[in-house]
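Contents: one structure, followed by commentary.
Per chain, numbering begins at 1; letters A, B, ... match sequence-line order. Since we're looking at a predicted model, the values are computed, not measured.
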Amino acid sequence: MASNICQVMTTGRKVSYMSEQILLEIAVDTPLARTFTYSHQNEIPPGCRVMVPFGKQNRRVIGVVLGRSQTEGLVASKIKGIIERLDQEPSLSPVMLRLARWLADYYFHSIGEVLRAMMPASSKVKQKIAWHLTAEGRKAWEVDDHPHHKVVRQVFVRRSPLADGTFTKKISAIDSLGPSAAGAKKKMVSLGLVERADESKVKPTLVQSHQQDLPTTPEPPKNLTVKQTEVFSRLQAAMKAEKKKAQVLWGVTGAGKTEIYLQLIADCFRFHRDSQALVLVPEISLTPQMTMIFERRFPGLVSVVHSALDQKERWHRLEAIRTGAARILVGPRSAVFGPFRNLGLVICDEEHDSSYKQSSGLQYHGRDVAVLRGQMEQALVVLGSATPSIETMANVRSGKYEILELLERVHQRALPEITVLEQKAQKRRGQTIRAGLDEGEIPVHEDVIAELRQNVEKGEQSIVIVNRRGYAYFLFHPASKKTVSCPQCSVSLTVHKKSQTLKCHYCEYQKSLSAFMGSDDEYLIVGYGSEQAESFLRRQLPGARVVRVDSDTVAKKGALEDILRDFRQGKIDILVGTQILAKGHDFPNVTLICLLEVDQMLQLPDFRAGERAFQLMVQAAGRAGRAELSGRVLLQTQKADDPIIRFAVAQDYRAFAEFELGFREAHQFPPFYKMVHIEFNSPEEARLEGVVSGLQDLIQEMLRRHESYRRSLSILGPIAPPIEMIRGRIRRSLILTSKEPKDLWSATRFIQLSCSRLPSDVRMKIDVDPQSIL
DNA sequence: AGCACGCCGACT
DNA sequence: GTCGGCGTGCTC
Ligand SMILES: [Zn+2]
């Protein structure tokens with residue numbers, strides 16, 4: 001029988017002795033919305049990965065065991081055997097499998113794709129499966145007349161061990177030696193000459209953050225203010241409650257949310273022995289300064305993941321969580337899938353931040369998944385923000401979440417004062433590019449310059465925030481009345497001075513500026529970005545040390561860190577840049593913040609425009625005056641009467657939330673109405689149009705079949721979105737909204753199934769709870 | 001998705 | 001005559 005199994009294992013041939021086999025339900029890494037049944041000679045616990053033969057060609061794919069197969073009446077001859085078990089211990093806990101099923105249904109992805117998103121290392125692991133010689137195998141390799149010398153040498157052909165002193169060979173390398181080598185490997189396995197260079201055997205390394213020395217003695221907790229104590233004890237109680245509602249910690253910047261997080265983690269560890277905590281942070285605020293706060297308080301217990309880690313390092317850091325060597329995982333969105341053994345507390349900081357929404361593939365919302373996971377693991381979930389999202393406020397209103405206010409800054413620091421600088425609309429003619437990119441004037445209120453100058457003279461620091469990176473918004477060609485736009489995308493190209501190029505901000509396209517400078521035709525430079533603001537401020541404020549911060553200047557790893565350090569050390573007077581500057585960095589000496597272009601944000605054709613603008617204004621204001629110095633915010637606008645601006649000036653979040661909730665409800669927008677955005681795209685318009693007209697018929701057909709949809713569903717489209725083409729793909733949007741989740745989900749499923757076979761170059765993507773519908 | 005099969009047009 | 005486009009079926 002052993003040879004029979006070998007055959008099954010190597011060829012994936014059907015199994016003939018079903019009585020001895022166990023049938024397992026396997027999720028396979030394909031976009032198919034169903035699972036498959038495979039057989040194996042022994043039980044494999046759910047959550048273990050397996051290699052299975054799939055499709056006519058029996059190509060090897062990774063699957064995850066979900067449990068015993070429940071499928072009845074499956075023809076035995078169709079069932080294939082599992083090729084190989086890849087995990088001794090489950091990679092995914094039962095809770096994670098339950099979560100995966102839920103996410104698959106909610107986001108319209110197959111369970112296999114969800115599982116892949118949950119363990120991004122698995123793609124590499126496929127390559128990494130390797131075998132190494134055991135002590136006995138090593139002897140067989142060395143001793144010429146050992147009975148198995150030849151079989152070992154057939155696979156391990158090297159004349160000496162690898163640098164690490166072992167003999168290890170990747171499975172792919174063994175396979176490439178031909179079928180006899182695979183047979184030899186099997187034989188060696190059965191003889192105990194080789195064993196899997198199994199991942200779980202790798203010792204969990206102590207997790208390090210980069211440069212700094214890690215502390216070894218824990219820093220003592222800080223004293224809490226009366227208000228902090230009150231909030232803290234309510235969180236303590238919530239953590240110990242049987243049924244745990246998510247807690248929204250609404251705390252203005254500087255009110256000491258972080259200290260509460262730290263003490264709550266400590267309390268969680270005291271309360272549940274061996275429990276672990278997850279701290280989600282927007283990628284941009286995941287700096288060494290930030291993670292150090294946790295490492296100081298919990299030396300040796302913190303594991304940090306972020307996108308700059310290579311696959312291996314990332315795996316090590318997650319493994320520390322899996323083994324329990326680390327008890328706190330700090331990371332961005334994807335850390336929500338961390339392999340905790342005993343999750344006791346989930347903290348999602350800056351929960352309003354849009355970077356929590358994944359923008360490709362499985363488009364999940366990290367905060368929402370955090371809430372769900374916390375619920376499934378009976379862990380307390382804390383959502384922290386100075387400006388909670390409107391979604392979260394709706395959940396507070398409905399009683400699903402509870403809110404805790406922390407609206408007093410510690411040490412009685414005053415909230416910054418926000419002043420509106422009303423600016424008359426002025427028709428400005430763009431400058432010609434022939435003059436080069438030097439003397440650009442930007443429409444800045446004179447008070448902004450005066451205040452900045454004063455601040456520099458006082459030795460205090462300032463931040464200036466504009467909307468876009470680059471020098472100017474676009475180049476305008478008056479002769480044709482057109483802007484210079486990207487050939488691949490329906491957007492105008494942004495003028496960049498440093499690189500002397502026009503760049504597309506939606507793809508990698510760029511074009512040299514020189515052709516336009518030397519052209520006989522006139523081109524005008526319109527609008528301004530961070531580069532122009534930088535050079536303008538340098539000219540207006542000679543002697544001031546001005547540094548620009550946007551994704552161009554901080555693209556290099558560590559660049560942002562360097563600038564922020566110099567700024568904290570007082571080597572810089574003014575930071576000018578994009579919204580990066582408004583997000584979660586701590587600048588103790590900043591007393592003046594200037595927001596120059598709020599109006600454009602309010603004008604975006606997107607239902608979240610108001611929320612985004614409000615968040616930017618209040619978050620930016622939170623950067624000012626955190627230390628002993630009081631801060632001021634200058635808001636340059638032409639719409640001083642806009643309600644959103646008025647709420648921001650008053651820093652009245654509650655009034656803003658009421659207003660925005662009313663607006664969303666009245667216009668049937670999320671969160672009161674659920675929204676699904678289905679995008680179709682193709683490089684060829686004709687094909688896309690073919691699909692779109694089919695889609696229109698399909699929708700009519702759907703409405704005929706389900707009369708109730710006519711009342712419960714609102715269907716917009718298919719229409720061309722504001723940015724009609726991106727990366728050479730023309731797009732069409734179908735936007736479904738409804739107050740009835742059941743109808744919305746079944747309608748979306750209907751469309752998904754009906755469009756499962758589109759022409760090969762037309763793609764469909766489904767975005768549930770879209771962040772933006774541009 | 002991937003892969004095979006099978007059916008029509010056009011091209012060495 | 002065949003090469004190759006893509007509609008259709010199937011994946012335990
Ligand atoms: Zn482009």
Side-chain angles (χ1 to χ4, degrees), chain A residues 5 7-44 46 48-86 97 100-101 104 107-120 122-123 126 360-363 678-684 686-691 693-695 697-698 729 749 751-766:
Chain A
I5 288 174
Q7 258 191 352
V8 170
M9 285 168 54
T10 51
T11 65
R13 193 173 296 165
K14 283 17 174 240
V15 189
S16 54
Y17 34 86
M18 295 306 302
S19 55
E20 298 171 42
Q21 298 283 317
I22 288 165
L23 297 184
L24 296 165
E25 184 187 16
I26 310 281
V28 172
D29 188 359
T30 87
L32 297 168
R34 43 169 301 219
T35 57
F36 294 89
T37 301
Y38 284 87
S39 65
H40 196 58
Q41 58 268 42
N42 14 65
E43 186 69 64
I44 302 178
C48 283
R49 290 167 308 153
V50 290
M51 186 70 77
V52 292
F54 191 71
K56 288 200 175 114
Q57 292 307 101
N58 284 327
R59 63 181 201 279
R60 305 163 110 228
V61 297
I62 291 182
V64 174
V65 177
L66 297 178
R68 288 286 192 113
S69 172
Q70 308 292 321
T71 320
E72 304 270 318
L74 192 61
V75 192
S77 63
K78 290 190 92 177
I79 300 174
K80 295 175 187 174
I82 286 170
I83 295 173
E84 187 180 16
R85 175 173 176 172
L86 300 175
L97 293 179
R101 286 204 151 105
Y107 289 114
F108 299 95
H109 278 256
S110 76
I111 181 123
E113 290 172 306
V114 174
L115 293 170
R116 197 200 318 137
M118 282 182 167
M119 10 183 230
S122 66
S123 55
K126 203 192 284 183
S360 63
L362 178 71
Q363 301 193 53
I678 308 178
E679 180 191 310
F680 295 83
N681 61 65
S682 165
E684 280 191 69
R687 269 180 204 277
L688 189 61
E689 286 306 331
V691 169
S693 66
L695 185 63
D697 298 342
L698 185 74
R729 302 189 72 90
R749 185 68 78 188
I751 293 170
Q752 183 187 36
L753 293 176
S754 315
C755 297
S756 61
R757 241 204 161 95
L758 297 168
S760 57
D761 52 5
V762 180
R763 292 207 273 261
M764 174 180 59
K765 81 176 196 196
I766 300 178

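- Per the geometry, CD1 belonging to A/Ile22 stands 17 Å off C1' belonging to C/dC12, to the nearest Å.
- Atom C1' of nucleotide C/dC10 and atom CG of A/Leu74 are separated by 14 Å, given to the nearest angstrom.
- Checked against A/Ser682 for a side-chain contact (heavy atoms from CB on, under 4.5 Å), the options A/Met764, A/Glu689, A/Arg687 give a single hit: A/Arg687.
- Judged as a ring pair (Phe, Tyr, Trp, His ring centres under 6.0 Å), and not counting sequence neighbours, A/Tyr38 has no contacts.
- A/Leu97 has its side chain out of reach of A/Ile111: every pair of non-hydrogen atoms, C-beta onward, lies at least 4.5 Å apart.
- Judged by closest nucleotide on DNA chain B, A/Ser760 is the one of A/Lys56 and A/Ser760 placed further toward the 5' end.
- Across all strands shown, A/Tyr38 has heavy atoms under 4.0 Å from sugar-phosphate atoms exclusively, and none from any base.
- As rounded to whole Å, 9 Å separates atom P of C/dT11 from atom NZ of A/Lys80.
- Between A/Arg34 and B/dA1, a side-chain N or O to OP1/OP2 separation shorter than 4.0 Å is absent.
- A straight line from CG of A/Asp761 to P of C/dG5 spans 13 Å, rounded to a whole angstrom.
- In this structure, A/Val65 and A/His40 have side chains that are not in contact, with every pair of non-hydrogen atoms separated by 4.5 Å or more.
- In this structure, CG of A/Asn58 is placed 12 Å from P of B/dA4, rounded to the nearest angstrom.
- Regarding A/Gln70, its CD atom lies at a distance of 15 Å from the C1' atom of C/dC12, rounded to whole Å.
- Using modelled atom types, one side-chain atom of A/Gln752 and one backbone atom of A/Phe108 make a donor-acceptor pair closer than 3.5 Å.
- Whole-Å rounding puts the A/Ile111 CD1 to C/dC12 P distance at 18 Å.
- To the nearest angstrom, C1' of C/dC10 lies 9 Å from CZ of A/Phe54.
- Using a 4.0 Å heavy-atom distance criterion, A/Leu32 is classed as a base contact.
- The residue among A/Gln57 and A/Ser756 whose nearest nucleotide of DNA chain B is located toward the 5' end is A/Ser756.
- Among the heavy atoms of the strands, none lies under 4.0 Å from A/Arg763.
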